[in-house]
Amino acid sequence: MRKFTKPTWLAIGWLGLMMFFSLFGWLLPLKSWSFVYEDDLEVGLFSSGHLLGTDSNGYDLLSSVVAGTRMSIFIAIAAVSLGGFIGSVLGILAAYLRGKVDTVMVTVFNVGLSVPNLVLALALVSVLATNLDINQAVPTWRRIIVLVMSLTIVLIPILGRIARGATLSWTSREFVTAARSMGMKDSKIILRHIVPNVLPALIAVAFLAVGVVIIAEASLSILGVGIPDGASWGGMIARGRNDLEYAPHVLYVPIVFLALTVISTNHLGDVVRSKLDSREAKV
Amino acid sequence: MSKISFWLQRIAQLLIVLLLVTFGVSLLLRLLPVDLATILLPVASEEERVALRAELGFDKGPIGYYLQWLGNFVQGDFGKIYFSGGTEEVSDHLKEAMPRSLLLMIYTQILALVIAVPLGVLSAYRSGRRADKIISNSLFALQSVPGFAIALILVIFLGVKFGWLPTLGYAPISDGIWEHSKHMIMPVISLSLGLIATYTRLLRADMITALREDYVTMAASKGLSDSRILWRHVLRPSSMTLMTSAALSMGGLIGGAIVIESIFATYGVGFEIFAAISGRQYIALQSSVAVIALFYVFFNLVVDIASGFVDPRTRDRRVNA
């Protein structure tokens, strides 16, 4: 395997740090993000005791950002794995079976794609998160589930169409025809011959999709329909808008974390894809 | 298959997608765990709610309701927004929001293309050299930064620190060009940076392919200058993908600008949708989403037709397919 370039190592390192924050953030010697430091309001960056400063509520930004990383990364990974799985199954089946199944699937994908991502996510969140008693607030855990479900539904047509396209380029290859003429079962052909070939393309897109979901989640939080009483990067940005005038670092911290993460996932997606292209070129 | 029946089929496909989208949203409203009439009229009497249900067609089942909504929508009746004091027409709201969104979108596209085309040409011409690397890498990073982050940073610097630009609101052109553009500069920059990166990348890739063609070698051996070859001979055949992508991003921009519109309070169509959702105005939501889907599908069709005219090869290929 060719050695990675320096930016790739940086991207892997940053995502590793994010994974560490999400999995082992609770091991760090930090108080809960919602602990209020009443004497330290709007402390600047790199102050003693508050590495990333505090906001006007007295929340420590380092604890907030560690908790926010956990939330944002969890939502992104959950939505991308669910959406990626469902989308690829549908896309691969559509491309392999062709005929009516394909027509129906393509129409469904087109319907999903003709509404802008964020509009679809917003509509789904608002409908799914409605309580029976409309005056009662929706509990946080249910908001998280609703958010993951909505983002999953948004991702299915995007990833499904890509899976379909990738599969189509393999189903007409000779080895598939050969396997079929030898009487191999369809399920086996898909699992043994199609999936391994389509997977790299899907992994490349999954990296990009993580970025899309992180941004979508943040957008929803800014619009006030994300997770209200939990910390996510988007939630921090939404709250930080109040401090925009006098303590802009409250905004810089989550924005930098979010942007670096999205840059890293996009870069890794590109790396996977270019490896794939060179492999294709050799065939 | 003849060309006419190809186009008829294409239009029929798009119509089906439109019908399914609007029907899907309509079904979504039925999925609400709460009665719609109660949400729309929270303090009304039961008789008033029954009357509302009958008026909207809720009592006719999912398909009956959808058909009634569709009939009204086609005739330009987009439904109402319900307040405690009365109602407002959704179409009046959209009439006010649409020009804002369209202007925002047009400025964004113009700015993005004006910057992306020279950058794309330059980075294709110097491909692999330092200028190309600097352009490609910085645009890649920029593309990953979401529009709202750029918007907030612009607000911090241009709006608050230097106080050059107003951070909220919208001014119509009738208030004067300068006032109008002062309100538009930050939203347009925030929306276009991501597009610039996409466009530059697409144009660069296509131009690099075109630069390898024989006719370029031919033009160079005739002694034409590099800039003439680039701008006159290579740019045009390479701009297909760029134009397609630009047209396709139109539909998304109208509705996708929700966050930017809400940060800058440029109340456009995106914001109308957001307001409908947060105010539980589900009829308004249904009609606004339909309008956006209509735009999206319309631009899709425009791309198809335009690409057939610009590049006859795609037209033939499709007809034969």
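Protein chains get the first letters and strands the later ones, always in sequence-line order, with residue 1 at the start of each.
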S.K.: Among B:Ile277, B:Val25, B:Leu18, B:Leu14, which has the most heavy-atom pairs under 4.5 Å with chain A?
M.R.: B:Ile277
S.K.: Is the count of non-hydrogen atoms from other residues, nucleotides or ligands lying under 6.0 Å from A:Ile145 atom CD1 greater than 12?
M.R.: yes
S.K.: State, with a plain yes or no, whether a side-chain heavy atom of A:Pro157 is found less than 4.5 Å away from one of A:Val108.
M.R.: no
S.K.: So for B:Ile263, is it side chain, backbone, both, or neither that comes closer than 4.5 Å to the heavy atoms of chain A?
M.R.: both
S.K.: Go through the atoms of A:Leu251 and report whether side chain, backbone, both or neither lie under 4.5 Å from a heavy atom of chain B.
M.R.: side chain
S.K.: Against chain B, label A:Ile214 side chain, backbone, both or neither, depending on which of its atoms sit under 4.5 Å from a heavy atom there.
M.R.: neither
S.K.: Based on non-hydrogen pairs under 4.5 Å, which of A:Asn266, A:Leu260, A:Ile255, A:Leu223 is most in contact with chain B?
M.R.: A:Leu223
S.K.: Do A:Trp14 and A:Thr261 have a side chain donor and acceptor closer than 3.5 Å?
M.R.: yes
S.K.: Whether B:Arg100 and B:Glu272 form a salt bridge (side-chain N of Lys/Arg under 4.0 Å from carboxylate O of Asp/Glu) is what I want to check.
M.R.: no
S.K.: Heavy-atom distances under 4.5 Å only: say whether A:Ile222 touches chain B with side chain, backbone, both or neither.
M.R.: side chain
S.K.: Using atom types as modelled, flag every donor-acceptor pair under 3.5 Å from a side chain in residues 154-164 of chain B to any protein atom, sequence neighbours excluded.
M.R.:
none

S.K.: Parallel, tilted or perpendicular for B:Phe271 and B:Tyr267, by the 30°/60° rule?
M.R.: tilted
S.K.: Taking the side chain as every heavy atom from C-beta outward, state whether A:Arg161 and A:Asn110 have any atom pair closer than 4.5 Å.
M.R.: yes
S.K.: Could you tell me whether a side-chain N or O of A:Ser72 sits under 3.5 Å from a main-chain N or O of A:Trp233, the two making a donor and an acceptor?
M.R.: yes
S.K.: Any carboxylate oxygen within less than 4.0 angstrom of a Lys/Arg side-chain nitrogen, looking at B:Arg201 and A:Asp270?
M.R.: yes
S.K.: Is A:Leu122 in contact with chain B via its backbone, its side chain, both, or neither, using a 4.5 Å heavy-atom distance?
M.R.: both
S.K.: I need the residue from B:Asn137, B:Val17, B:Ile16 with the largest number of non-hydrogen atom pairs under 4.5 Å to chain A.
M.R.: B:Val17
S.K.: For each of A:Ile237, A:Leu220, A:Val262, tally heavy-atom pairs with chain B at distances under 4.5 Å, and name the one with the top tally.
M.R.: A:Val262
S.K.: Which residues in residues 141-149 of chain B have any heavy atom lying under 4.5 Å from a heavy atom of chain A?
M.R.: B:Ala141, B:Ser144, B:Val145, B:Pro146, B:Phe148, B:Ala149
S.K.: Test side chain to side chain donor-acceptor pair (under 3.5 Å) on B:Thr22 and B:Tyr66; report intermediate values, then the result.
M.R.: CA-CA 8 Å; B:Thr22 46; B:Tyr66 174 66; 2.7 Å; yes
S.K.: Just checking, any donor-acceptor pair under 3.5 angstrom between side chains of B:Gln109 and B:Ser192?
M.R.: no
S.K.: Against chain A, label B:Val289 side chain, backbone, both or neither, depending on which of its atoms sit under 4.5 Å from a heavy atom there.
M.R.: side chain
